Amino acid sequence: MRRIAHLDMDAFFASVELLRYPQLKGLPVVIGGGRRSVDDLLLRRFADRPVSQIPVDAFPLLRDYVGRGVITTATYPARQFGVGSAMGMMKAARLCPQAIVLPVDFDEVRRYSRSFKSVIREIAPVVEDRGVDEVYIDFTEVPGGQREGGRVLARLIQKSIFEATGLTCSIGVAPNKLIAKMASEFNKPNGISIVHEADVQAKIWPLPVRKINGIGPKSEEKLHKLHLHTIGDIAAQSREWLVDNFGQAYGAWMHDAAWGRDDRPVVTESEPVSMSRETTFDRDLHAVRDRAELGAIFTDLCTRVAEDLRRKGYVGRTIGIKLRYDDFRTATRDQTLDHYTADPGTIRRAAGQCLKRVDLDQRLRLLGVRVGKLAKADAVPATAPEAPAAPPLAAEHTPDLFHGTQAARDAG
DNA sequence: TCTGGGGTCCTAGGACCC
DNA sequence: TCTGGGGTCCTAGGACCC
């Protein structure tokens, strides 16, 4: 009998911060925002004492937050005010102005991520990564993995993670990934939930459709229009009806999902498909009026993707850009080269070509650069960047960007 | 008050080749 | 002069997830 666990760290980003600032325990704290944070200032101001001694009233509050951005994680006390992840900072500030705001410390989060995952792998080796704070674990072949439906092993993992990191997690164990994912939410935080095949009707069917991993806001809205609100409502429809309304692949999948059927394996290894860097500006920028600023950001994005590729040992063939207009519409353009590259100049030139194919009259709020069709750098025949060599990546050397004049282009 | 940054996968049309 | 399918690759957009 297959036994699959889904493990989800409780309020991971916030919990990592609480380890550093235990004085914030029990308070509403939100993580997110980024650049505008006062965190560094705080540390400098109280450089004379351990961070755990910084007084609570010295921390920055959500009510004082200025800028764009969304909440990455909210502590449970903050959630009581209706604040949750993916919520805009400004909206969160209205709901809970007294919440403390801290920026994401990616290095620290990654460190704890590696740490809790290695604890799990020592106990149960078949682990699938689902981002920094989540994994699927195959209990089926683990000695003792079937005892009490997986509860015994789940408890051991929970305890081992807590002892190694001081962090809590919630675990769902079920016949497959789909149900395990839903089950891990049943007893949050620091909970375990065991679901068997026979429980689907009682425990899964009453849930709202949105709880199915794969049904998002758009599908939820469409389901609601069809008067389907619970997973049981979907299960009550015929496969044919769902296919007629949602298409062959999605409709059939939805039917299976509602009946708790899912035979996807736990995948322990995977290769990246693309790497990208993007940034939302502090204020909307215009291609002509803010040309220099945009040019510098663009160059920086190209440089950073190139660094990411090199650091991880990949090259790519498809170079693309993404931009978001002030009205939140998104446009993408990409171009496939005849050779693989990780060279910042090559990426910059190809991305620059893409930029010329998109409307730049409207103000922009976001710019991104993506490299796709990746291959391992050592698995691909080495190709020199085509002559002439890539120009240096200074803004003044790339006058073709953002409505550069033809004369400037010729000069470049 | 809008709405981050990093991804994956799917769809659909057109090019191009056999 | 009209009429094929099938397969693969490229591109743009969009849904969804963490």
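All values derive from a computational prediction rather than experimental measurement. Here is the naming used below: chain letters follow the sequence lines, and residue numbers restart at 1 for every chain.
Taking the six-membered ring for Trp and the full ring otherwise, the centers of Tyr112(A) and Phe12(A) sit at least 6.0 Å from each other.
Residue Lys373(A) has its side chain nearest to dC10(C) when only dG6(B), dT8(B), dC10(C) are considered.
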Watson-Crick and G-U pairing of DNA chain C, under 3.5 Å, as dot-bracket with | and [ ]: ....||||||||||||||
Solution key, residues 160-169 of chain A side-chain donor-acceptor pairs under 3.5 Å, sequence neighbours excluded:
{"unit_1": "Ser160(A)", "atom_1": "OG", "unit_2": "Leu156(A)", "atom_2": "O", "d": "2.7"}
{"unit_1": "Thr165(A)", "atom_1": "OG1", "unit_2": "Ile161(A)", "atom_2": "O", "d": "2.7"}
{"unit_1": "Thr165(A)", "atom_1": "OG1", "unit_2": "Leu167(A)", "atom_2": "N", "d": "3.1"}
{"unit_1": "Thr168(A)", "atom_1": "OG1", "unit_2": "Asp10(A)", "atom_2": "OD2", "d": "2.7"}

For residues 191-209 of chain A, dump all side-chain donor-acceptor pairs below 3.5 Å to protein atoms at least two apart in sequence or in another chain.
{"unit_1": "Asp199(A)", "atom_1": "OD2", "unit_2": "His196(A)", "atom_2": "N", "d": "2.8"}
{"unit_1": "Lys203(A)", "atom_1": "NZ", "unit_2": "Ile194(A)", "atom_2": "O", "d": "3.3"}
{"unit_1": "Trp205(A)", "atom_1": "NE1", "unit_2": "Ala258(A)", "atom_2": "O", "d": "2.8"}

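Residue Ala92(A) is out of contact with every strand shown, counting any heavy-atom pair closer than 4.0 Å. No contact: Arg370(A) has no heavy atom under 4.0 Å from any strand. When heavy atoms are screened at a 4.0 angstrom cut-off, Val273(A) is found touching the sugar-phosphate backbone but no base atom. Nucleic acid contact for Met275(A): sugar-phosphate only, since backbone atoms but no base atoms lie under 4.0 Å from a heavy atom of the residue.
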Protein-to-nucleotide contact annotation, 5' to 3' order, nucleotides 12-18 of chain C [B base; S sugar-phosphate only; - none; under 4.0 Å, heavy atom]: SS-SSSS
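With sequence neighbours left out, His229(A) forms a ring pair (Phe, Tyr, Trp, His ring centres under 6.0 Å) with His224(A). Residues passing the salt bridge (Lys or Arg N to Asp or Glu O under 4.0 Å) test with Arg329(A) are Asp327(A), sequence neighbours excluded.
Between Arg68(A) and dG4(B), a side-chain N or O to OP1/OP2 separation shorter than 4.0 Å is absent.
In this structure, the side chain of Glu220(A) does not engage the main chain of Lys211(A) through any donor-acceptor pair within 3.5 Å.
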